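Being a predicted model, the structure only gives us computed values, none of them experimental.
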Amino acid sequence: MYEKIQEGVDVKTALLRAAFQFGYTTVFGVYSAFLFLRTGHLVAPLMAHAFCNHMGFPNFNEIFSHVAPTRYYVATAFVLGLVLWCLVLFPITSPHLYSNDLFYVTT
């Protein structure tokens with residue numbers, strides 16, 4: 001935040017950017033902990049971190065840069081991606097798939 005203010009960004013904008021970054025990194029930290037606890041392996045959060053670093057934060061403004069038919073396809077892809085991720089999150093991280101009996105009792 002200090003660097004942004006030194007670059008000429010006003011304090012309010014710098015604070016909002018810092019709060020946004022804090023928010024999404026906190027959410028990602030919770031997600032990484034979830035992956036580790038579900039799978040019992042460090043590889044899962046490591047790969048998720050590498051993938052997210054490669055992809056970057058989604059550019060939601062991209063939706064509005066397209067004309068009408070393409071705009072709907074891009075918006076649908078964003079929503080469909082989120083819905084599918086939510087649907088497969090628990091099945092794909094099932095502790096039974098990874099022989100994770102460290103945090104879960106297997107029966």
Do Leu35 and Phe28 land in one hydrophobic cluster if side-chain heavy atoms of ILVMFWY residues count as linked below 4.5 Å?
yes

Return the CG to OG1 distance between Leu97 and Thr39, rounded to the nearest 0.5 Å.
10.5 Å

Tyr72 OH: over 12 foreign heavy atoms closer than 6.0 Å
no

When rounded to the nearest 0.5 angstrom, what distance separates CG in Leu46 from NE2 in His41?
13.5 Å

Gap between atom NZ of Lys4 and atom CG of Leu15 - 0.5 Å precision:
14.0 Å

Should the heavy atoms of other residues, nucleotides or ligands under 6.0 Å from CZ of Phe60 be counted, would the total exceed 12?
yes

Can Phe34 and Phe90 be said to form a ring-ring contact (aromatic ring centres under 6.0 Å, His included), step by step?
CA-CA 10 Å; Phe34 170 83; Phe90 279 90; 5.3 Å; yes

My understanding is that only one of Leu82, Leu80, Thr76, Val74 makes a side chain to side chain contact (heavy atoms under 4.5 Å, CB included) with Phe78; could you say which?
Val74

Compare every heavy atom of Asn100 with every heavy atom of Gly40, then report the nearest pair and how far apart it is.
N-ND2, 3.3 Å

Answer with yes or no whether the hydrophobic clustering places Val9 together with Leu16; edges join I, L, V, M, F, W, Y residues whose side-chain heavy atoms lie under 4.5 Å apart.
no

Kindly state whether the ring of Phe20 and the ring of Tyr24 have centres lying under 6.0 angstrom apart.
yes

Closest contact, heavy atoms only, Pro45 versus Ser32:
CB-O, 3.7 Å

Quick check: are there more than 12 heavy atoms from other residues, nucleotides or ligands sitting under 6.0 Å from NE2 of His49?
no

Close side-chain approach of Arg38 and Tyr98, heavy atoms under 4.5 Å
no

Over 12 foreign heavy atoms within 6.0 Å of CZ, Phe64:
no

